[in-house]
Amino acid sequence: MKILIADAGATKTDWVKLSLNGVSEIKEEEYTGIGISPLHHDTDMIEEELRLVRAALGESFDKIRFFGTGIGSPVIAGKMETILSEMFSCRDIKADSDMAGAAGALLGDSPGIACIMGTGSNSCHYDGSAIDRKSVSLGYLLDDEGGGVAFARCLLSDVYKKIAPDDIIAKFNSKYDLSVSEVVDHLYRKPSPNRWIASFMPFITENLSHPYIMGLVRSQIDLFFDREFASYTEKELKEEGIGFAGSVADELADSIADAMHARNWKLRAVIRKPLPGLVNQFKQVK
């Protein structure tokens with residue numbers, strides 16, 4: 001059996017081809033290409049990228065599973081499934097959201113809450129096989145606490161208003177050397193300001209031992225928990241538990257664990273990428 005699995009983000013897509021032959025023979029082949037979003041990219045662009053995937057991994061599969069950003073409705077999922085069916089020889093194709101991929105990788109076949117903490121953030125409740133309830137995501141202007149944008153936005157504001165300690169301000173200016181006018185230009189005149197803001201997240205993770213950064217991270221995690229998980233029940237938070245996926249979650253895993261422990265919530269797992277967990281799921285059901 002040959003299975004093609006994709007984890008598609010805004011900037012890149014990770015593909016894995018699984019070849020399952022018998023009980024013990026499992027072969028994995030990988031390919032990384034550009035980000036694919038059926039919501040934002042036209043069919044020609046997606047097909048051009050899929051030709052490269054086909055050249056690298058083949059064109060005939062027994063199953064294709066595509067998990068990606070921008071797949072928030074059956075209509076968009078159907079668009080992606082149609083494109084995949086035209087580019088590959090496969091009868092069993094399914095496209096779903098990146099949130100569904102994260103939930104499956106984090107929680108397997110048991111219920112719980114899955115959360116993505118990357119540039120932005122989002123969460124859902126997973127019943128053990130599918131998402132049955134999803135948090136509303138309003139984007140970085142009104143939402144996204146817990147994402148890189150929220151942490152870095154707080155840092156930038158504190159640095160330029162001189163609320164941050166002098167040593168943090170000096171270290172920041174030494175590394176980036178950005179004037180106020182340059183910051184404003186990036187925020188209001190250049191594309192993708194959310195990604196630009198989130199690009200300062202490494203400064204936070206590089207200085208996690210500093211008391212000011214520790215306080216910033218903890219206060220932002222508490223704010224995120226207060227807002228994002230307000231609609232979930234005590235049973236879901238304390239008994240079923242929460243799993244976290246994404247680069248920010250991975251970098252702040254210890255801080256997340258401390259905040260979870262303080263609230264007596266159950267921590268299920270913290271992973272950087274969902275794809276390895278999804279691959280393992282398919283290996284187990286071979």
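This chain uses plain numbering: 1 for the first residue, then up along the sequence.
The line from CG of Leu52 to OG1 of Thr13 is 11.5 Å long, rounded to the nearest 0.5 Å. Distance check, rounded to the nearest 0.5 Å: OG of Ser60 to CZ of Arg54 gives 11.5 Å. For the atom pair CD of Gln281 and CD1 of Ile3, the computed distance is 11.0 Å after rounding to the nearest 0.5 Å. To the nearest 0.5 Å, the span separating CG on Leu106 from CZ on Arg268 amounts to 8.5 Å. Rounded to the nearest 0.5 Å, atoms CD1 (Ile36) and NZ (Lys12) are 13.5 Å apart. Expressed to the nearest 0.5 Å, how far CG of Leu50 lies from CZ of Phe66 amounts to 7.5 Å.
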Apply side-chain contact (heavy atoms from CB on, under 4.5 Å) to Ile5 and Trp15, showing your working. CA-CA 6 Å; Ile5 310 169; Trp15 300 82; over 6 Å; no
Under the salt bridge (Lys or Arg N to Asp or Glu O under 4.0 Å) rule, what do Glu236 and Arg133 come out as? Steps first, then yes or no, please. CA-CA 12 Å; Glu236 290 165 347; Arg133 192 167 77 256; 2.7 Å; yes
Criterion side-chain contact (heavy atoms from CB on, under 4.5 Å) on Lys63 and Leu18, from CA distance to verdict: CA-CA 10 Å; Lys63 292 183 181 181; Leu18 279 181; over 6 Å; no
Is there a side-chain contact (heavy atoms from CB on, under 4.5 Å) between Cys115 and Phe224? Walk through the geometry before answering. CA-CA 11 Å; Cys115 180; Phe224 172 54; 3.4 Å; yes
Using side-chain contact (heavy atoms from CB on, under 4.5 Å), reason through Met201 and Leu252 one step at a time and then give a plain yes or no. CA-CA 11 Å; Met201 189 66 203; Leu252 302 182; 3.8 Å; yes
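In this structure, Asp185 places its CG atom where more than 12 heavy-atom neighbours from other residues, nucleotides or ligands lie under 6.0 Å away. Within a 6.0 Å sphere centred on CZ of Arg227, heavy atoms belonging to other residues, nucleotides or ligands number 12 at most. More than 12 non-hydrogen atoms from other residues, nucleotides or ligands lie less than 6.0 angstrom from NZ of Lys17. Other residues, nucleotides and ligands place no more than 12 heavy atoms under 6.0 Å from the NZ atom of Lys2. No more than 12 heavy atoms of other residues, nucleotides or ligands lie within 6.0 Å of CD in Glu48, so this atom counts as exposed by the packing criterion. Residue-environment remark: CG (Asp42) exceeds the threshold of 12 foreign heavy atoms within 6.0 Å.
With no hydrogens or angles considered, no side-chain donor-acceptor pair links His41 and Glu49 at under 3.5 Å. Neither side chain, Ser89 nor Glu59, offers a donor N or O lying under 3.5 Å from an acceptor on the other. Residues Ser110 and Tyr126 bring no donor and acceptor atom of their side chains to less than 3.5 Å of each other. A donor-acceptor pair shorter than 3.5 Å can be found between the side chains of Ser129 and Asp127. No donor-acceptor contact under 3.5 angstrom links the side chains of Tyr31 and Asp14, judged on distance only. Side-chain contact, Glu145 with Ser121: no donor N or O sits under 3.5 Å from an acceptor N or O.
Ile242 and Leu223 fall into different hydrophobic clusters, defined by Ile, Leu, Val, Met, Phe, Trp and Tyr side-chain heavy atoms under 4.5 Å apart, directly or through other members. One hydrophobic cluster holds both Val184 and Phe172 under the rule that ILVMFWY side chains link at heavy-atom gaps under 4.5 Å. Transitive grouping of hydrophobic side chains (ILVMFWY, heavy atoms separated by less than 4.5 Å) brings Phe203 and Ile221 into a common cluster. Criterion: ILVMFWY side-chain heavy atoms under 4.5 Å apart, direct or through other members. Under it, Phe225 and Met214 are not part of a common hydrophobic cluster. No continuous path of ILVMFWY side-chain contacts below 4.5 Å connects Leu57 to Leu278, so the two sit in separate hydrophobic clusters.
Glu228 and Ser123 make their closest contact through OE2-OG, 2.5 Å (heavy atoms, listed as atom of the first residue, atom of the second, distance). Nearest heavy atom pair, residue Ile271 against residue Ala105, reads CD1-CB, 4.1 Å. What you find for Cys124 and Ile131 is that their closest heavy atoms are SG-CG1, 3.7 Å. Scanning both residues, Ile76 and Leu39, for their nearest heavy atoms gives CD1-CD1, 4.0 Å. Across all their heavy atoms, Ala253 and Val270 have their closest contact at CB-CG1, 4.0 Å. Taking both residues in full, the closest heavy atoms of Phe244 and Ala249 are given as CB-CB, 3.8 Å, listed atom of the first, atom of the second, then distance.
At least one side-chain heavy atom of Arg65 sits less than 4.5 Å from a side-chain heavy atom of Asp92. Between Ser135 and Asn122, the closest side-chain pair of non-hydrogen atoms falls below 4.5 Å. Counting heavy atoms from C-beta on, the side chains of Met260 and Lys266 never come closer than 4.5 Å. Looking only at side-chain heavy atoms (C-beta outward), Tyr160 and Ile169 stay at 4.5 Å or farther from each other. In this structure, the side chains of Ile64 and Lys94 stay at 4.5 Å or more apart for every pair of heavy atoms. Between Glu47 and Ile83 the shortest side-chain heavy-atom distance falls below 4.5 Å. Leu155 places a side-chain heavy atom less than 4.5 Å from the side chain of Ile204. Contact check for Cys154 versus Gln220: side-chain heavy atoms found under the 4.5 Å cut-off.
No side-chain donor-acceptor contact under 3.5 Å links Ser174 to the backbone of Ala170.
Residues Phe151 and Phe200 place their aromatic rings such that the two centres sit no closer than 6.0 Å.
Taking the charged nitrogens against the carboxylate oxygens, Glu234 and Lys238 do have a contact shorter than 4.0 Å, which makes a salt bridge. Here Glu206 pairs with Lys175 in a salt bridge; the nearest charged N to carboxylate O distance falls below 4.0 Å. Using a cut-off of 4.0 Å between Lys/Arg side-chain N and Asp/Glu carboxylate O, Asp222 and Arg218 are scored as salt-bridged. One finds no salt bridge joining Asp166 and Lys171 here, because no Lys/Arg side-chain nitrogen approaches an Asp/Glu carboxylate oxygen to under 4.0 Å.
Ring orientation note: the planes of Phe88 and Phe61 are nearly perpendicular, at an angle over 60° on the 30°/60° scale. A perpendicular orientation is assigned to the rings of Tyr212 and His210, their planes being inclined by more than 60° (bins at 30° and 60°).
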